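Below is one structure, written out as structure tokens; the observations come after it.
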Amino acid sequence: MKILVVGGGGREHALAWKLAQSEKVSEVLVAPGNAGTASEAGMRNVDVSAEDIDGLIDLARSESVGLTVVGPEAPLAAGIVDRFESAGLKCFGPGADAARLESSKAFAKDFMSRHDIPTAAFGVVDDVEEGMEMIHGIGLPIVLKADGLAAGKGVVIVETEDEARATLEDMLSGEAFGQAGRRVVIEEFLVGEEASFIVVASGRQFLSMASSQDHKRRDDGDRGPNTGGMGAYSPAPVVDETLHRQIVEQVIEPTLEGLADDDAAFTGFLYAGVMLTATGPKVLEFNVRFGDPETQPIMLRLKSDLVELIEHALDGRLDEIELEWDERTALAVVMAAGGYPGSYEKGHPITGLDAAFPDDVKIFHAGTELDEDGRVVTSGGRVLAFCALGDTVREAQARAYQWIAQIGFEDAFYRSDIGFRAIERS
Ligand code: AMP
Ligand code: GLY
């Protein structure tokens, strides 16, 4: 069967790579894909954007695609799954109703309070003075979040009153994030270590994926501005059996039950970003899709057939299978373009991609494309995720940094300490 993967980042390269390994698959189409998916065996890029739902339906029909897997949140929020289903096409991901868990932070917070899911204390405002009053009530530092989708940039932690007022004005006026910022969630600042808990869900059923953690800050030591993610690894030793059970019982189960009870049953990958606080896990955010860059190390460790897993989820038969994982640790270091997460240049040729890498190293592309001469050039902020497997997290880290030095482009940068928290723990 042919599979269509929607999206063109590192997550989609990793999903397509794993899907292409299934015996059930003849070819994986990626729309729009990147230079990495363009050069993998059994894959083909198609020039349709991830948000062109009509174009994607036409593509799935004309290519007789048997299954579509959606990577990014924007098409999910826009109802791609509902549209594919109405067209009689199989598509894996939540419908627009359930996708509100990610597309509206106000919805997600209200959902969590209604279903007793632990999360930071909060309020929702659309007025600066009302917001300042609430901030006085909760106290500084405080977290301000644009309600709608803002490509991972809509969250600001403020330390002072002046900063709070300026940020609120910026968001609520529509200057900073357009419509997405016209409502703002004001949240208590939580202290702790973060973990990504990802499950594959089918209504009330689910299977947990291997644990993982990402590094959201740009600079070493988890400092500097927030990014989409500068690296990740799996497993995350901080998520021991007790925490795993707590997160399942206090977060995953009530979320899936609550959505099903609210007539918005969830099928797809559900990602809970949790803060492990002194008083237990609390949800920072939900994503209604796989994490990026968490997907890259998790796919490297998944031994089971991903197509079979998705088919079981679509059929409501997740109780019939178990997932098998590589015992090793996988670690991904993101190589980014100078300036990211702010503005950055594009079009720089990437060298070293054809070096002779060992089997336990894998490069997943993100912001790359082929130029007119067929050279791989940069086309985004997060350019690629350099991944390695190792018997321990220390070894995976050493492998990644040993080999990443082969790769380069103008103004490239990456963090030199991905995995440090896991190494400290071990
Ligand atoms: P979000 O997109 O909601 O996950 O927020 C992005 C990042 O901001 C999170 O990964 C955290 O590092 C940080 N963050 C979000 N909410 C809070 C909070 N209530 N307390 C502390 N840090 C937070
Ligand atoms: N790595 C965080 C995310 O995918 O949103």
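A quick note: this is a predicted structure, and the numbers were derived from the prediction, not measured. All ligand and atom numbering here is 1-based and tracks the order in the structure. All heavy atoms count here, side chains included; hydrogens, waters and symmetry mates do not.
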TODO: Output, in order, the C-alpha distance, side-chain angles, deciding distance and verdict of side-chain hydrogen bond (donor to acceptor under 3.5 Å, both in side chains) for Ser416 and Tyr401.
DONE: CA-CA 8 Å; Ser416 67; Tyr401 285 115; 5.7 Å; no

TODO: Report the part of Val143 (side chain from C-beta onward, or backbone N, CA, C, O) that has a heavy atom under 4.0 Å from ligand 1; answer both or neither where that applies.
DONE: side chain

Open item on the list: Students often mix this up, so state it plainly: with edges at 30° and 60°, are the rings of Phe364 and His13 parallel, tilted or perpendicular?
Closed with: perpendicular

- [ ] Give a yes or no on this: more than 12 heavy atoms of other residues, nucleotides or ligands lie within 6.0 Å of atom CZ of Arg182.
- [x] yes

TODO: Please list all pairs passing the side-chain hydrogen bond (donor to acceptor under 3.5 Å, both in side chains) test where one or both residues lie in residues 238-260, with sequence neighbours left out.
DONE: Arg204-Glu257

TODO: Answer with yes or no whether Lys105 contacts ligand 1, where contact means a heavy atom under 4.0 Å from a ligand atom.
DONE: yes

Task: Proximity of Asn226 to ligand 1 by residue part, where a heavy atom lies under 4.0 Å - done: side chain

TODO: Give the contacting part of Arg289 toward ligand 2: side chain, backbone, both or neither, where contact means a heavy-atom distance below 4.0 Å.
DONE: side chain

Open item on the list: The test is salt bridge (Lys or Arg N to Asp or Glu O under 4.0 Å); show your working for Asp222 and Arg421 and say whether it passes.
Closed with: CA-CA 10 Å; Asp222 287 339; Arg421 289 180 193 280; 2.8 Å; yes

Open item on the list: Looking at ligand 1, would Met275 count as a contact under a 4.0 Å heavy-atom criterion?
Closed with: yes

TODO: With heavy atoms of Asn287 as the reference, note each atom of ligand 2 found under 4.0 Å away.
DONE: 3 (C), 5 (O)

Open item on the list: Looking at ligand 2, would Gly229 count as a contact under a 4.0 Å heavy-atom criterion?
Closed with: no

- [ ] Measure the acute angle between the ring planes of His115 and Phe111, then classify it against the limits of 30° and 60° as parallel, tilted or perpendicular.
- [x] tilted

Open item on the list: Counting only heavy atoms closer than 4.0 Å, does ligand 1 sit against the backbone of Lys145, its side chain, both, or neither?
Closed with: side chain

TODO: Considering the heavy atoms of Gly291, write down every atom of ligand 2 situated less than 4.0 Å from one of them.
DONE: 4 (O)

Open item on the list: Quick test of your reading of the model: are Arg399 and Asp391 salt-bridged, counting only N-O distances below 4.0 Å?
Closed with: no

- [ ] Could you tell me whether ligand 2 has any atom less than 4.0 Å away from a heavy atom of Ser196?
- [x] no

- [ ] Would you kindly specify which portion of Glu294 sits under 4.0 Å from ligand 2, judged on non-hydrogen atoms: side chain, backbone, both or neither?
- [x] side chain

Open item on the list: Between Phe413 and Tyr344 (judged by ring centroids, cut-off 6.0 Å), do the two rings come close enough to count as a pair?
Closed with: no

Task: Carboxylate-amine/guanidinium contact Lys216 Asp214, below 4.0 Å - done: yes

TODO: Hey, could you give me the OG/CG distance between Ser234 and Leu300, rounded to the nearest 0.5 Å?
DONE: 9.5 Å

- [ ] With heavy atoms of Phe189 as the reference, note each atom of ligand 1 found under 4.0 Å away.
- [x] 20 (N), 21 (C)

- [ ] Taking only heavy atoms of Lys216 into account, list the atoms of ligand 1 that are under 4.0 Å away from them.
- [x] 10 (O)

Task: Per-atom contacts of ligand 2 with Asp214, taking only distances under 4.0 Å to non-hydrogen atoms - done: 1 (N), 2 (C)

- [ ] Have a look at ligand 1 and work out which part of Val155, if any, has a heavy atom under 4.0 Å from it: side chain, backbone, both or neither.
- [x] side chain

